[in-house]
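First the structure, in the form of structure tokens, and then the observations on it.
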Amino acid sequence: MTSAAAILGFLAVALGAFGAHGLEGRLSPDQTGWWETATLYALVHAVAAVAVGLSKRGGPISWSGWAFIFGAVVFSGTLYAMAIGAPSWFGAITPIGGATLLVGWVLLAVGARR
């Protein structure tokens, strides 16, 4: 999990930089907002997943890390795609990623109580 989280963190930084420099002036304000939100959520959840992975705990805590990774890929991925011109129906997929991120936080809380 820690390797997958590190890759997610790398991609978040790389895509954030690309958005700020490579796409500067090419995106509408809405598209820029989607790109920035995608980068923020991917990076935050990559760090959370790294922490979970380094804890080497199983059960709900381990599942929370995977939920963070999967959720960030879906949530951020659909936002990145829409920002560069994917069909607007991608926006219907985005909440699946967001809900998975929320599940990850619930699993982390449940696991922390053990």
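Note that these values count all heavy atoms, side chains included, but never hydrogens, waters or copies made by symmetry. Just so you know, residue 1 is the first one in the sequence shown, and it goes up from there.
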Is the shortest heavy-atom distance from the side chain of [X] to the side chain of [Y] under 4.5 Å?
X     : Y      : result
Arg57 : Val52  : no
Phe75 : Ile96  : no
Phe70 : Leu101 : no
Val13 : Leu43  : yes

### Message
Show me the pairs that pass side-chain hydrogen bond (donor to acceptor under 3.5 Å, both in side chains) and involve residues 70-91, at least two apart or across chains.
### Response
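Listed once each, the pairs are Thr39-Tyr80, Thr78-Thr94.
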### Query
What residue pairs, at least two apart or across chains, pass side-chain hydrogen bond (donor to acceptor under 3.5 Å, both in side chains) with a residue in residues 7-27?
none
#### Entry: side-chain hydrogen bond (donor to acceptor under 3.5 Å, both in side chains) partners of Ser3, counting only residues at least two apart
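Partners of Ser3 by the side-chain hydrogen bond (donor to acceptor under 3.5 Å, both in side chains) criterion come out as none, since no residue qualifies.
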Show the nearest heavy-atom pair for residues [X] and [Y], with the distance to one decimal.
X      : Y     : result
Thr100 : Ala67 : CG2-O, 3.4 Å
Ala83  : Leu27 : O-CD2, 3.3 Å
Ser55  : Ile61 : OG-CG2, 4.0 Å
Ile69  : Ala49 : CG1-CB, 3.8 Å
Trp35  : Gly19 : NE1-CA, 3.3 Å

Would you compute the distance between atom [atom1] of [X] and atom [atom2] of [Y] and round it to the nearest 0.5 angstrom?
X      : Y      : atom1 : atom2 : answer
Phe68  : Leu8   : CZ    : CG    : 11.5 Å
Gln31  : Glu36  : CD    : CD    : 12.0 Å
Trp105 : His45  : CH2   : NE2   : 5.5 Å
Ser64  : Leu108 : OG    : CG    : 4.5 Å

Between [X] and [Y], is there a shared hydrophobic cluster once you connect ILVMFWY residues whose side-chain heavy atoms come closer than 4.5 Å?
X      : Y      : value
Leu107 : Leu102 : no
Val106 : Val103 : no
Met1   : Val44  : no
Leu11  : Val47  : no
Val74  : Phe90  : yes

